[in-house]
Visitor: 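Structure provided below as structure tokens; questions to follow.
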Amino acid sequence: MLDWLYEIVAQLIVWIHTALSTVVPKDSGWAWGGSIILLTVLLRLAMVPLFVKQIHASRKMQELNPKVQALRKKYKNDKQRLNQEVMKLYQENGANPLSGCLPLLVQMPVFIGLFQTLKRISDAKEGHDVFALKWDLVESAQNANIFGAHIPDTFLNAWGADPKSWTAIIVTAIAVVISSCTTFFTVRASMKRQPVTDDANPMMQAQKMMVFLAPLFGLFGLGFPLGVLMYWVTSNSWTLAQQHYIYKRYPPLSTTGDANGTPAKGAPPKGGPAKGKAAGTKTAGSKAAPAASGVKAKLKKETAPEPEPEDTKAKVVRNQPTRKSRSKRSGSQKR
């Protein structure tokens with residue numbers, strides 16, 4: 001069903017191999033390995049506009065994330081209404097959540113086509129063509145030597161061979177390890193450049209899980225031909241370099257300001273802690289004396305000896321009446 005795709009991939013390999021054969025021997029591993037690497041680079045160059053579009057779509061989604069979180073809280077008990085409101089928000093702002101999947105959707109058919117082409121090259125019987133590759137090219141690709149291994153070699157086949165081909169085992173094992181590491185660093189770099197959002201968001205949880213599951217994908221590489229592993233390593237290395245350049249040119253949005261690092265309204269200035277060091281020290285110094293005296297007074301109060309308790313029995317004070325003169329008692333005036 002996808003033979004037309006395999007024909008295109010095989011024809012691209014033939015053209016690139018023909019061009020490289022003018023520089024290096026056509027039957028060498030450099031010619032066939034270089035064909036795979038150059039094919040990968042050309043395809044990734046063609047996908048750069050899609051990657052830039054993915055970055056813009058991601059930035060748009062980041063801008064709308066606070067509104068989406070507000071809708072989640074508002075309609076947390078009504079999933080259908082929540083989906084309707086979120087899609088309405090995306091449509092009104094021209095955001096498309098699927099735009100971030102474009103590079104992957106374009107890259108997957110190429111990966112499948114290259115995998116099937118190289119697999120059929122390795123399994124081809126004598127005298128049989130493989131898509132656009134004639135038998136003489138198929139035989140040349142089967143015998144191409146790259147550091148002692150051949151392009152159709154896989155780690156599992158090399159390990160199960162009798163006798164074992166240790167050179168093929170080492171080369172394919174190194175390729176598997178490098179492909180796993182580059183996959184991990186690619187996903188990790190993408191996660192580090194994402195702004196911190198709601199940790200309860202299922203998408204955020206899935207991205208965190210991908211960081212730890214990415215190295216496990218390398219286990220699938222044990223059954224991949226060396227040519228596919230070369231494509232995988234080249235593609236991941238390109239992605240790392242491309243992410244570094246694109247994100248440097250289009251930095252991710254900050255959670256407290258814009259992409260240029262301008263703080264949001266009410267946020268402290270960027271150089272606040274550094275520039276306000278002297279003022280902060282002065283303020284702290286002015287408050288240090290009252291604070292210290294207060295502490296000393298508190299300690300003095302705590303360490304001061306308690307006074308001896310006085311007699312708790314209240315003293316009875318008897319007010320003796322004063323004797324008044326007769327004139328004052330009778331109210332008559334003195335004569």
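For reference, positions follow the sequence shown, starting with 1.
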Visitor: Sort and list the pairs that fulfil salt bridge (charged side-chain N to carboxylate O under 4.0 Å, His left out) and have at least one residue in residues 83-94, not counting sequence neighbours.
Guide: Arg81-Glu85

Visitor: The criterion is side chain to side chain contact (heavy atoms under 4.5 Å, CB included); which residues satisfy it with Asp136, sequence neighbours excluded?
Guide: Lys134

Visitor: Can you name the residues that form a side chain to side chain contact (heavy atoms under 4.5 Å, CB included) with Val233, not counting sequence neighbours?
Guide: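 Partners of Val233 by the side chain to side chain contact (heavy atoms under 4.5 Å, CB included) criterion, ordered by chain and then number, come out as Ile178, Ser179, Ser237.
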
Visitor: Which residues pass the side-chain hydrogen bond (donor to acceptor under 3.5 Å, both in side chains) test with Arg120, not counting sequence neighbours?
Guide: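 With neighbours one apart ignored, the set is empty.
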
Visitor: List the residues meeting side chain to side chain contact (heavy atoms under 4.5 Å, CB included) with Gln80, not counting sequence neighbours, and say none if there are none.
Guide: Asp78, Gln84

Visitor: Kindly write out the residues that satisfy side chain to side chain contact (heavy atoms under 4.5 Å, CB included) with Val177, not counting sequence neighbours, or none if the list is empty.
Guide: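 So Val177 forms a side chain to side chain contact (heavy atoms under 4.5 Å, CB included) with Cys181.
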
Visitor: Looking at residues at least two apart in the chain, or sitting in another chain, which of them share a side-chain hydrogen bond (donor to acceptor under 3.5 Å, both in side chains) with Lys26?
Guide: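 Once residues adjacent in sequence are excluded, Lys26 has no partner under the side-chain hydrogen bond (donor to acceptor under 3.5 Å, both in side chains) criterion.
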
Visitor: Considering residues at least two apart in sequence or located in another chain, which fulfil the side-chain hydrogen bond (donor to acceptor under 3.5 Å, both in side chains) criterion with Thr154?
Guide: Asn157

Visitor: With Asp123, which residues qualify under salt bridge (Lys or Arg N to Asp or Glu O under 4.0 Å), at least two apart?
Guide: Lys119

Visitor: Partners of Ser235 by side-chain hydrogen bond (donor to acceptor under 3.5 Å, both in side chains), sequence neighbours excluded?
Guide: Arg44, Gln107

Visitor: According to the ring-ring contact (aromatic ring centres under 6.0 Å, His included) rule, which pairs have a member within residues 149-174, sequence neighbours left out?
Guide: Trp159-Trp166

Visitor: Under 3.5 Å, sequence neighbours excluded: what are the donor-acceptor pairs made by side chains of residues 139-149?
Guide:
| unit_1 | atom_1 | unit_2 | atom_2 | d |
| --- | --- | --- | --- | --- |
| Ser140 | OG | Asp27 | OD1 | 2.6 |
| Ser140 | OG | Trp32 | NE1 | 3.0 |
| Gln142 | NE2 | Ile121 | O | 2.5 |
| Gln142 | NE2 | Ala124 | O | 3.4 |
| Asn143 | ND2 | Glu139 | O | 3.1 |
| Asn145 | OD1 | Gly148 | N | 2.8 |

